[in-house]
Amino acid sequence: MPDTPDRHPCTLSRDATTDPARLREIAVDVAVAAAAHVRARRPELFPAADPGARTAGAVRSKSTETDPVTVADTETEDLIRRLLTRSRPGDAILGEEGGADAGSTGVRWVVDPIDGTVNFVYGIPAYAVSIAAQVGGTSVAGAVVDVAAGDVYSAARGGGATRTDAGGSVTRLRCNPVGDIAHALVATGFSYAPHRRERQGALVAELLPRVRDIRRIGAAALDLCMVASGRVDAHYEHGLQPWDWAAGALIAAEAGAWVRLPTGGGDDGEITVAAAPGVAAQLADLLATFGADAPIPA
Ligand code: IPD
Ligand code: CA
Ligand code: CA
């Protein structure tokens, strides 16, 4: 396959640091370059003149019939791998589309080239590039770029979380000061696996009358950034994979959220939770009441 052209110049030089602040800068630079590629590819793959039209071969199914992958997902992951390897030879990389490449430095990059692929296919403006750096399996730096809005969310462990908007204004992120779960806006998502979905649907029906409302945005990385920026008060989902949460959960935690992460790889259906601190215990109690503490198998 020919190399994906760099549509956004990314001028990273070689760097071997494990300083979270520097890893954050690298995550941001690479994610911004990748987002420029995703942004440029959408009108090429899905011409605006004919909303139903798509380039032949642009989309195929992956884990189930309803789990799409587009050529933009694979191209963008290729580009991210190339940029990371150029700057950080020897680091491990785990990507949703390309799998795991071993490394020798102790740093592992965890990559979701497009989080929210269904939205990308339909033209709903909620899809993101997510890149995190982990040390010992723990995220120490991360960036999530909301491709359509041009917002760049990022964090370094102990260094706080920010959003830089398309105009360059930087906002330090803090969760909402909400204190009552009945007033909390809760985001969630559903797996591509039908059996897990059935259980997820039953759980959301239990929660719906007990919270302000539910949102299903369709991009877990953005849901987590929305907890960080106060656009929702909490997010939970069973069965997220490391690339879904590795950057966003750090951004939420650095904005003050209480975070619960899966202990395994994701396939066993454990829950991920991020919640504003004032409602975290109440949400955890509610989830436990409805048996949502346990994994939901696919
Ligand atoms: C999906 C999105 C979605 C979530 C799914 C994820 P993808 O990621 O984050 O919101 O509910 O569980 O798989 O497939 O668009 O990268
Ligand atoms: Ca994802
Ligand atoms: Ca993806």
Side-chain angles (χ1 to χ4, degrees), residues 31 34-35 37-38 41-42 58-81 93-99 109-132 139 142-148 153 186-201 203-204 214-227 231-232 234-249 251-252 261-262 265-274 292 295-298:
H37 181 77
V38 174
R41 285 299 265 149
R42 190 166 196 290
V59 189
R60 63 184 165 80
S61 314
K62 210 167 49 169
S63 64
T64 69
E65 278 297 306
T66 54
D67 177 8
V69 59
T70 73
V71 291
D73 294 72
T74 42
E75 287 172 1
T76 305
E77 186 165 321
D78 269 10
L79 174 62
I80 293 168
R81 284 175 182 269
I93 301 179
L94 171 68
E96 176 173 13
E97 311 306 337
W109 296 90
V110 182
V111 173
D112 194 338
I114 302 180
D115 184 52
T117 296
V118 173
N119 289 340
F120 178 74
V121 169
Y122 279 77
I124 296 169
Y127 44 91
V129 175
S130 174
I131 301 179
S139 296
V144 173
V145 180
D146 178 332
V147 175
Y153 297 87
V186 178
T188 191
F190 306 113
S191 154
Y192 294 109
H195 172 72
R196 184 177 287 150
R197 278 188 163 213
E198 204 177 322
R199 295 272 313 279
Q200 288 174 314
L203 173 60
V204 87
I214 294 286
R215 291 291 180 271
R216 198 296 192 239
I217 305 295
L222 289 179
D223 286 352
L224 291 162
C225 292
M226 289 171 72
V227 175
R231 286 179 173 161
V232 297
H235 163 79
Y236 77 91
E237 183 170 343
H238 290 83
L240 288 183
Q241 298 282 348
W243 45 81
D244 296 313
W245 56 256
I251 291 164
L261 297 174
D267 288 343
D268 44 2
E270 285 179 81
I271 196 168
T272 301
V273 185
I296 301 183

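Values below: all heavy atoms of this structure, side chains included; hydrogens, waters and symmetry mates excluded. Counting starts at 1 for both ligands and their atoms, following the listed order. Small disclaimer: the values here were computed from a predicted structure and weren't measured. We count residues from 1, following the sequence as given.
- When heavy-atom distances to ligand 1 are checked against a 4.0 Å cut-off, L240 comes that close only through its side chain, counted from C-beta outward.
- Of the heavy atoms in Q241, none comes closer than 4.0 Å to ligand 1.
- Under 4.0 angstrom from ligand 1, there are no non-hydrogen atoms of I217.
- Scanning the protein heavy atoms around atom 12 (O) of ligand 1, the nearest turns out to be E237 OE2, 2.5 Å.
- Ligand 1 has at least one atom lying under 4.0 Å from a heavy atom of E96.
- Regarding atom 13 (O) of ligand 1, its nearest protein heavy-atom neighbour is Y192 CE1, 3.4 Å.
- Rounding to the nearest 10°, we obtain 100° for the angle at the Ca ion (ligand 2) between D112 OD2 and D244 OD1.
- The nearest N, O or S atom of P113 is not closer to the Ca ion (ligand 3) than 3.0 Å.
- Shown in contact with A220 at under 4.0 Å from a heavy atom are these atoms of ligand 1, numbered in order with element: 2 (C), 9 (O), 10 (O).
- Heavy atoms of H238 found under 4.0 angstrom from ligand 1: none, in either backbone or side chain.
- Summary: OE1 is the N/O/S atom of E96 found nearest to the Ca ion (ligand 3).
- Of all protein heavy atoms, the one closest to atom 3 (C) of ligand 1 is R216 NH1, 3.5 Å.
- Between atom 2 (C) of ligand 1 and the options T272, D115, D244, V118, the minimum heavy-atom separation is to D115.
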